[in-house]
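This report concerns only the one structure given below.
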Amino acid sequence: MRAAAVLGVGLLAPVTAELLQAYLGDLGGVVGLAFFVAFLAPLYGGAALLVREVAVRRGLGWPGRLILGAAFGLAMTTLVDLSTFTRSNPDIAYWDDLMSTTAVGRFSVFALVAWVTGHVVMSIALPLAVVETLAQEPRPWLGRPGLAVTAVLMVAVAVALHLDARDGGGVRVSTVDLLVSAVLVAGVGGLAFTRWGRPLGRRTGSAPAPVWCAVAAFVVVAAFDLVPISWLGVAVDVALLAVGGLLVARWSVTSAWSERHVAGLAFGGLLSRTLVGFLAPLPAHTSWAEKIGQNTAYLALVVVLGVALERRTRRAVGGSATLAP
């Protein structure tokens, strides 16, 4: 089961992180899509697996996982794909607006909030929530050799993407930029090992039915994805993160909280991101038929995952709970 869980996270993480919004355009059919997922699996899946292994072995809670996810997200946008330092991107029509509308100096506040949050939620949290719920295996999934191989492959793919980004022509980054970014990533990651990363306590109390957790996640993710690129959008996104985070933190410490609630949050978030993908602008070098075909395929995958989560969590509680209120 642990091997299946490792494979599941490895393959699911790049899909949830990069494909559900269908903004990349045609990847070369099924073969190209399979290569894309396989190539990015060591990076996205590797990061999610390492976050989980560190959390399980060091006794960190979900706060610690999310903090480590934030460090990964910051590393992705500043050190790996260099999006923060990319001045132009002809493949994304709205790139100029994205980088200039909320610029502070050379940096887009809107982009940083969106990208880092996206990696926390879609690259780390949701893939882990889905696979952990399905696997029902609380122990570490990787031994020491597995940890070493995972780390080496993750770094190798990260370096390849970094070098490719620097060859793109639109990147304006200096050695000082990279050093400062590395310090910030290390600083954020280090917070996971303070009291901020510890598991939340438990108390008596009630939580919404799992279906309402799914609805809440759907609404928050949709609102986050659909806000305009503007300072108002930044404010709304920050408010959504604050309110959503506080609600989940409050619910998750109650005695009523269960893995069905976690599954509800995961499914609601994935479904929302996938449906919003239908509204994404048509990518370059892609027809509407190809884009809608991708959206539909990803939606089918998410529905299958939702059904699997429902059945798995129903069995885990002996059939006494349902997703309905």
Side-chain angles (χ1 to χ4, degrees), residues 1-13 15-16 45 48-49 51-69 120-142 197-221 244-273 301-325:
M1 180 57 73
R2 280 182 285 181
V6 169
L7 182 62
V9 171
L11 296 179
L12 183 59
V15 173
T16 58
L49 287 168
V51 164
R52 183 189 184 275
E53 293 301 303
V54 169
V56 171
R57 294 166 186 268
R58 294 294 298 270
L60 304 181
W62 268 103
R65 295 185 183 204
L66 298 180
I67 293 171
L68 290 174
V120 172
V121 177
M122 293 294 167
S123 302
I124 305 297
L126 295 193
L128 287 179
V130 169
V131 177
E132 283 186 316
T133 300
L134 295 176
Q136 299 288 313
E137 175 52 79
R139 297 175 298 173
W141 294 345
L142 298 172
R198 295 173 186 169
L200 298 175
R202 302 289 286 182
R203 62 176 176 80
T204 58
S206 61
V211 68
W212 292 116
C213 290
V215 170
F218 184 97
V219 171
V220 169
V221 172
L246 287 173
L247 286 176
V248 173
R250 181 175 179 178
W251 296 336
S252 64
V253 299
T254 65
S255 55
W257 188 259
S258 70
E259 63 185 6
R260 289 182 67 76
H261 294 85
V262 176
L265 288 175
F267 177 67
L270 291 176
L271 182 62
S272 182
R273 174 57 62 93
L301 171 63
V302 170
V303 170
V304 169
L305 288 175
V307 172
L309 288 169
E310 161 66 17
R311 292 180 176 177
R312 183 60 166 165
T313 55
R314 186 195 304 146
R315 290 200 302 269
V317 296
S320 60
T322 67
L323 281 176

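No experiment lies behind these values; they were computed from the predicted model shown.
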Closest approach of [X] to [Y] (non-hydrogen atoms, all atoms of both residues):
X      : Y      : result
Ala256 : Ser206 : CB-CA, 4.0 Å
Ala135 : Ala5   : CB-CB, 3.9 Å
Gly269 : Ala217 : N-CB, 3.7 Å
Arg2   : Trp141 : CG-CD1, 3.7 Å
Gly69  : Val120 : C-CG2, 3.6 Å
Pro140 : Arg52  : CA-NH1, 3.9 Å

Given side chains that start at C-beta, do those of [X] and [Y] come closer than 4.5 Å, heavy atoms only?
X      : Y      : value
Pro63  : Leu200 : yes
Phe267 : Glu310 : no
Val121 : Thr16  : no
Met122 : Val221 : yes
Leu271 : Phe218 : yes

Could you tell me the separation between the [atom1] atom of [X] and the [atom2] atom of [Y], rounded to the nearest 0.5 Å?
X      : Y      : atom1 : atom2 : answer
Leu142 : Glu53  : CG    : CD    : 4.0 Å
Leu68  : Leu60  : CG    : CG    : 6.5 Å
Leu12  : Leu305 : CG    : CG    : 6.0 Å

TODO: Would you sort out whether Glu259 and Gln136 count as a side-chain contact (heavy atoms from CB on, under 4.5 Å), showing the intermediate values?
DONE: CA-CA 10 Å; Glu259 63 185 6; Gln136 299 288 313; 2.9 Å; yes
Open item on the list: So, applying side chain to side chain contact (heavy atoms under 4.5 Å, CB included) with Leu11, which one of Val15, Val9, Leu7 is it?
Closed with: Leu7
- [ ] Keeping to residues at least two apart or across chains, list the side-chain hydrogen bond (donor to acceptor under 3.5 Å, both in side chains) pairs with something in residues 59-69.
- [x]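 Sorted result for residues 59-69: Arg65-Glu132.
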Open item on the list: Per the salt bridge (charged side-chain N to carboxylate O under 4.0 Å, His left out) rule, what does the pair list look like for residues 261-273, sequence neighbours excluded?
Closed with: Asp225-Arg273
Task: Check ion pair Glu137-Arg139 (N to O, under 4.0 angstrom) - done: yes
Taking distance alone, no hydrogens or angles, what donor-acceptor pairs closer than 3.5 Å link side-chain atoms of residues 245-255 to residues at least two apart or in another chain?
unit_1: Ser252; atom_1: OG; unit_2: Val248; atom_2: O; d: 2.9
unit_1: Ser252; atom_1: OG; unit_2: Ala249; atom_2: O; d: 3.3
unit_1: Thr254; atom_1: OG1; unit_2: Trp251; atom_2: O; d: 2.7

Task: Arg57 atom CZ: more than 12 heavy-atom contacts under 6.0 Å - done: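 Correct, the count exceeds 12.
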TODO: Determine yes or no for a side-chain-to-main-chain donor-acceptor pair under 3.5 angstrom, with His261 supplying the side chain and Ala209 the backbone.
DONE: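 Such a contact is absent between His261 side chain and Ala209 backbone.
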